[in-house]
Protein chains: 2
Amino acid sequence: MRIDPASAEHPYEQLARQLREQIGSGKITGKLPSITELTALTGLAVGTVRRGIDVFVQEGLVQTVPGRGTFVRR
Amino acid sequence: MRIDPASAEHPYEQLARQLREQIGSGKITGKLPSITELTALTGLAVGTVRRGIDVFVQEGLVQTVPGRGTFVRR
DNA sequence: CACCATTTGTTCGTATGTATG
DNA sequence: GCATACATACGAACAAATGGT
């Protein structure tokens with residue numbers, strides 16, 4: 001889960017793409033890493049991580065539950 | 001265009017609702033006030049105004065053009 | 001062509017609120 | 001009550017696109 005700030009691809013897009021790959025390949029099935037964990041893993045800010053995850057929420061690929069986490073829809 | 005921070009309705013939701021009313025009633029037809037103008041009009045932060053407008057972008061009600069502005073789709 | 005003002009787009013770091021367990 | 005986790009908001013900064021001078 002490495003983010004390159006200098007890339008032409010925006011950090012939130014890189015995050016979304018990398019998460020999508022891990023979801024698609026089945027590496028992530030149930031619960032996604034928490035936003036706090038993702039900020040630690042990526043070095044990104046909270047808002048940026050949210051932005052990346054929002055992509056999936058819009059698509060209906062994941063479901064977020066306050067106090068619980070973010071889950072891959074199946 | 002008044003926002004009440006103490007309301008149960010979030011500021012970005014209040015903004016979206018009020019803009020929607022003005023669009024629906026035909027008070028706003030072409031270009032929306034710029035984000036900078038909306039922050040001045042509402043006292044909200046840039047990000048919050050963006051959030052409110054994003055609602056319409058998602059819905060396809062408006063179209064944003066970098067360097068130009070935000071326009072009501074017709 | 002260069003320069004500049006305007007406008008949207010993204011990111012940061014922090015704070016507070018709300019829901020869950 | 002407390003820890004965890006998502007949700008919203010703030011203020012600031014910088015980039016990129018547009019259009020006019």
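Numbers restart at 1 for each chain; the letters A, B, ... are given by sequence-line order, proteins then strands.
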If we only count heavy atoms from C-beta on, is the [X] to [Y] side-chain gap below 4.5 Å?
| X | Y | answer |
| --- | --- | --- |
| B:Ile35 | B:Thr70 | no |
| B:Ile28 | B:Pro33 | yes |
| A:Glu37 | A:Met1 | no |

Rounded to whole Å, please give me the gap between [atom1] in [X] and [atom2] in [N].
| X | N | atom1 | atom2 | value |
| --- | --- | --- | --- | --- |
| B:Glu13 | D:dA9 | CD | C1' | 13 Å |
| A:His10 | D:dA15 | NE2 | C1' | 8 Å |
| A:Leu38 | D:dA7 | CG | P | 13 Å |
| A:Leu32 | D:dC6 | CG | P | 9 Å |
| A:Tyr12 | D:dC14 | OH | P | 21 Å |
| B:Arg51 | D:dC10 | CZ | P | 12 Å |
| B:Ile53 | D:dT8 | CD1 | C1' | 17 Å |
| B:Asp4 | D:dA9 | CG | P | 12 Å |

* After noting the C-alpha distance and the side-chain angles of A:Ile3 and A:Gln18, does the key distance pass the side chain to side chain contact (heavy atoms under 4.5 Å, CB included) rule? -> CA-CA 9 Å; A:Ile3 304 295; A:Gln18 291 179 30; 4.2 Å; yes

* Would you indicate, yes or no, if D:dA7 has its OP1 or OP2 atom less than 4.0 angstrom from a side-chain nitrogen or oxygen of A:Thr64? =>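 True: A:Thr64 side-chain N/O within range (under 4.0 Å) of D:dA7 OP1/OP2.
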
* Look at A:Arg50 and D:dC6 and indicate whether a side-chain polar atom (N or O) is within less than 4.0 Å of OP1 or OP2. =>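 No, A:Arg50 has no side-chain N/O under 4.0 Å of OP1/OP2 on D:dC6.
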
* Asked: chain A on DNA chain C: first and last contacting nucleotide, 5' to 3', under 4.0 Å to a heavy atom?
  ->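 Both ends considered, the range comes out as C:dT10 to C:dG21.
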
* To do: Could you check A:Thr48 against A:Leu15 for side chain to side chain contact (heavy atoms under 4.5 Å, CB included), going step by step and ending with a plain yes or no?
  => CA-CA 9 Å; A:Thr48 309; A:Leu15 173 61; over 6 Å; no

* **A:Glu9 vs A:Val65, nearer the 5' end of DNA chain C by closest nucleotide** => A:Glu9

* Asked: Taking for each residue the nucleotide of DNA chain C with the nearest heavy atom, is it B:Val46 or B:Gly67 whose nucleotide lies nearer the 5' end?
  -> B:Gly67

* Have a look at B:Pro5 and say if it touches a base, only the backbone sugar-phosphate, or nothing, with a 4.0 Å heavy-atom cut-off. => nothing

* Asked: Just checking A:Gly47: base, sugar-phosphate only, or nothing, at a heavy-atom cut-off of under 4.0 Å?
  ->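 Touches nothing.
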
* State whether B:Arg17 and B:Glu21 are salt-bridged, where the test is any N-O pair (Lys NZ or Arg NE/NH1/NH2 against Asp/Glu carboxylate O) under 4.0 Å. => yes

* Asked: Is a donor on one side and an acceptor on the other found under 3.5 Å between the side chain of A:Thr39 and the backbone of A:Thr36?
  ->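 Yes, the answer is positive, given that a donor and an acceptor are paired below the 3.5 Å cut-off.
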
